[in-house]
Amino acid sequence: MTTGEDMVKGAKVLVGDENWRKGPVWLAFWAFLFGRRERFEHLDMRCTIAWWRDKPYLVSIREARP
């Protein structure tokens with residue numbers, strides 16, 4: 001994986017976490033239920049992002065198993 005790809009994944013995690021925590025609760029709820037899922041590994045963490053209306057919401061983050 002290139003450094004550029006890693007930066008994009010990191011940005012998605014940071015923005016998704018910010019949207020999940022500080023955004024309106026009802027948007028996070030809709031993203032959780034109906035959002036398009038994107039799953040990837042970043043820095044040995046397995047991340048799940050839900051996209052709702054072109055905004056990412058961090059739904060899940062946990063350690064990746066070896």
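If you read the sequence from its start, that first residue is 1, and numbering goes on from there. Below, all heavy atoms of this structure are taken into account, side chains as well, without hydrogens, waters or symmetry copies. No experiment lies behind these values; they were computed from the predicted model shown.
- Between H42 and F40, the ring-plane angle classifies as perpendicular under the 30° and 60° cut-offs.
- Taking CG of L43 as the start and CG of D6 as the end, the distance is 5.5 Å to the nearest 0.5 Å.
- Considering all non-hydrogen atoms of both residues, G35 and A50 come closest at CA-CB, 4.5 Å.
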Tell me which donor-acceptor pairs under 3.5 Å the side chains of residues 10-17 have, and how far apart each pair is, sequence neighbours excluded?
| residue | atom | partner | partner atom | Å |
| --- | --- | --- | --- | --- |
| K12 | NZ | E38 | OE1 | 3.4 |
| K12 | NZ | E38 | OE2 | 2.6 |
| D17 | OD1 | R21 | NE | 2.8 |
| D17 | OD2 | R21 | NE | 3.1 |

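- Note that CD of E5 and NZ of K9 are 6.5 Å apart. Values are rounded to the nearest 0.5 Å.
- Under a hydrophobic-cluster definition in which Ile, Leu, Val, Met, Phe, Trp and Tyr are linked whenever side-chain heavy atoms come within less than 4.5 Å, directly or via other members, W20 and V25 are assigned to different clusters.
- Minimum interatomic distance between W51 and I49 (heavy atoms only, all atoms of both residues): NE1-CG2, 3.6 Å.
- The hydrophobic cluster containing W52 also contains L33, counting ILVMFWY residues as joined when their side-chain heavy atoms lie under 4.5 angstrom apart, directly or transitively.
- For the atom pair CZ of F29 and CH2 of W26, the computed distance is 12.0 Å after rounding to the nearest 0.5 Å.
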Show every donor-acceptor pair shorter than 3.5 Å between a side-chain atom in residues 57-66 and any protein atom, with sequence neighbours excluded, or say none if there are none.
| residue | atom | partner | partner atom | Å |
| --- | --- | --- | --- | --- |
| S60 | OG | R62 | NH1 | 3.1 |

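- With sequence neighbours excluded, the residues that form a side chain to side chain contact (heavy atoms under 4.5 Å, CB included) with R39 are R37, T48.
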